[in-house]
Peer 1: 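Structure incoming, see below.
Values below: every heavy atom of this structure, side chains too, minus hydrogens, waters and symmetry copies. All ligand and atom numbering here is 1-based and tracks the order in the structure.
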Amino acid sequence: MPAPPPPPSIALSILLLRAAVSSALGLDSSTPKHQAPIVTHLRVPGTGKIGVNLGKKTTAMPAGCGIVAVKEGDEFRDSFLDAVQGEMEELIKANHSVKSFKVTRQVYEAKFGKIGYDESNSGVVDTKKKKKKKPKKDKDGKEIIEPEVDPMTEVLDVVYVQNVCFGVAAGPVCASTGEIGEVAIGRGERDSMVVLGRDCSVTVQFTVGGLEAAAAAALGEEEMNAIDLQSDKGAYPTEGSLGKHGSALNDKFSAPATTVEDVAVGIEKAIIEENAEMVVNPWDVAGEIDYTKLIEKFGSQEIDAALLARIESAIKKIGKVDTLHPWIRRSIFFSHRDMNKILDCVESGKPFYLYTGRGPSSAAMHLGHLVPFMMTRWLQEAFDVPLVVQMTDDEKYLWKGVYNDGDDNLDHYRGLTIENAKDIIACGFIKEKTFLFSDCEYVGLMYPNIVRIWKSVTYSTAKAMFGFEGGSNIGQSAFPAIQAAPSFPSSFPVVLDAGRDSKMACLIPCAIDQDPYFRMTRDVAHKLTPKDHPLGGKPALFHSKFFPPLQGAAGKMSSSDDSSAIFLTDDSDEIARKIKSYAYSGGQETSKLQKEKGANLEMDVSYQWLRFFLDDDAELEKIGKDYGSGSGEFWATGMVKNRLIGILQEMVKKHQERRAKVTNEVVREWMEERKLSF
Ligand code: TRP
């Protein structure tokens, strides 16, 4: 367990003191003062202690070198501490602004190596803990091995004060040096030490915020010893004084062009890069999503004009629908795998089925959840094909479930399966062609395929694809096979009337974040399917973009944040209120500006949502034109929001009416294992 961070004023003082000490010692001011001090956050409130090891005596050492000054009243020690105190007072008075960033150790080390902190001492050292280094034993006298925290995921507080200091702080710091208020350097015999012998080190005790010096004086032997324990760490990065991490320091800082600013700029860049980096996987969607890059990264294909034309002519031939779904026309479904081969099947009369799913994590589904289902509904109608819908109650329990005292909430997720199934059924699928199943209930018939998939995927592959770690439970590691299994018709011997030799193809409409599961599936598919399967046994995929949250057009909507979503249970007033108060506007600040410049449609959530839910292409185009130019009927945000509110109110109301008719009994019928008609 890491020690709790010190108060922000102490965390900042530690770094400033390190700089003040260097400065008082007359060390070259152009040398970056970036090395982390050895720090003790004393348990007396408002006090701290830093120890700085300056390494071997070098040319950078001040005139006082060779003096060992430990005694109270020693002239060098006194003048040195005066100088440190003076430096600190100046730094506080100057009220420098403090930049601080949070960055993972991984990113930090990738950019800067171990500069700016000592690995064993990036934060506060809990002196109590240090002393208790003895291995813990259980009651049988066996050593208890405490799990190691992965140091690379540790979040560091990186601090930069221009021309003053740069380093990793022991915790969050104040926003400016002025906020520290007051720092008093401990003058008692045991408070501060200056040892400038062959190995130079300085220990300074300080009190922040004018706390009684007496508090500091109350410290016992223990704390002093703790400082000694650590005094062999680190080295000041000047020529000839390089310690353990010296070469890394040297590489980064011996070049004359490298300044503290360079380092800080580098850190800032690293952080910007880190934040901008999009994260898309089944559990996390973050950063600004660049869908073109995503296609490249995932290795899928763009749904291009040629494919659109092919889909259109196929559905027209079948004759169940007469136009392409707007989401296909508008590139909301934008990426695919092997869709061409599915069309080959259609053209040559070979059968395929649809497979999609839902992890029932909450009773309340929101508009974003409906996107894959509405598309699937259309595809089912247009291609007149059977559909299986997997409800992954097991997945949600493995990732979000809780276990307490002999009871757990697996049944809670099984219950959510039924509630969510009602919303899914209300989307209007063809009942005789649709089978909904809960993993917990249905898994038996899929089990042989699950076992085959397990055998085909090594743990290293799963780790690389899904980021499993030592701390992941074994159910999580096993789960990808369970989401993969419905991609094979033989998982549905009754429902799809399919044996192991079935050559039925599978098409999976889903949001792009589910792709990793199916990349794995496609890699092993040939092992589970007959040689002459039209897609080599692989499922085809049809990927959607994410439905943007109300607060901004990037990322994915969350069901845990009430204000970021419209729920299928919201009433008309609630819908109007949420859109009016939360939908992020790409419009200008004033009507005058709006009329001059028009709105930014990319950023505007209401317009983006209209792209999803306003089917009429001509009207959508008019709204885009008016709003984007600040003229005409839809020239401002208010009008666009009103149009959206009207559409959503009607849509959600209709959904609620359909859902009300779906009783538990109806759900049971849809979930009953039965041969589908196709
Ligand atoms: N893992 C999905 C979720 O958390 C649920 C799911 C299972 C799924 N099988 C699927 C989604 C197939 C799309 C396609 O919501």
Peer 1: Under 3.5 Å between any N/O of Thr356 and any N/O of ligand 1: does that happen in this structure?
Peer 2: no
Peer 1: Relative to ligand 1, is Glu395 under 4.0 angstrom through side chain, backbone, both or neither, heavy atoms considered?
Peer 2: side chain
Peer 1: Any idea which atoms of ligand 1 are less than 4.0 Å away from a heavy-atom of Ile508?
Peer 2: 14 (C)
Peer 1: Would you say Thr392 has any N or O atom under 3.5 Å from an N or O of ligand 1, going by distance alone?
Peer 2: no
Peer 1: Please verify the inter-ring angle class for Phe468 with Tyr459; under 30° counts as parallel, over 60° as perpendicular, anything in between as tilted.
Peer 2: parallel
Peer 1: Should the pair Phe333 and Phe542 be assigned to parallel (<30°), tilted (30 to 60°) or perpendicular (>60°) ring geometry?
Peer 2: parallel
Peer 1: Is it the case that Ser438 and Thr417 place a side-chain donor and acceptor less than 3.5 Å from each other?
Peer 2: no
Peer 1: Going by the order shown, which atoms of ligand 1 are within less than 4.0 Å of some heavy atom of Lys396?
Peer 2: 4 (O)
Peer 1: Side chains of Ser585 and Thr637: donor-acceptor distance under 3.5 Å anywhere?
Peer 2: yes
Peer 1: Looking at atom 2 (C) of ligand 1, what's its closest protein heavy atom, distance included?
Peer 2: Gln514 OE1, 3.3 Å
Peer 1: Of the listed options (Cys510, Gly359, Ala511), which comes nearest to atom 5 (C) of ligand 1 when hydrogens are ignored and any heavy atom counts?
Peer 2: Gly359
Peer 1: Where on Phe518 is there a heavy atom closer than 4.0 Å to ligand 1, on the side chain, on the backbone, on both, or on neither?
Peer 2: side chain
Peer 1: Do Asp570 and His366 get their side chains close enough for a donor-acceptor pair, meaning under 3.5 Å?
Peer 2: no
Peer 1: Can you check whether Gln483 has an N/O within less than 3.5 Å of an N/O in ligand 1?
Peer 2: yes
Peer 1: Give, for atom CD1 of Ile482 and atom CD of Glu395, the distance between the pair rounded to the nearest 0.5 Å.
Peer 2: 9.5 Å
Peer 1: Decide whether Gln390 and Tyr355 meet the rule of one side-chain donor and one side-chain acceptor closer than 3.5 Å.
Peer 2: yes
Peer 1: For ligand 1, is Met391 a contact, meaning one of its heavy atoms is under 4.0 Å away?
Peer 2: no
Peer 1: For the residue pair Ser606 and Val640, what are the closest heavy atoms and their distance?
Peer 2: CB-CG1, 4.0 Å
Peer 1: Can you check which of Tyr517, Tyr355, Trp283 brings a heavy atom nearest to atom 9 (N) of ligand 1?
Peer 2: Tyr355
Peer 1: Would you mind checking which non-hydrogen protein atom is closest to atom 11 (C) of ligand 1, with the distance to 0.1 Å?
Peer 2: Gly357 O, 3.4 Å
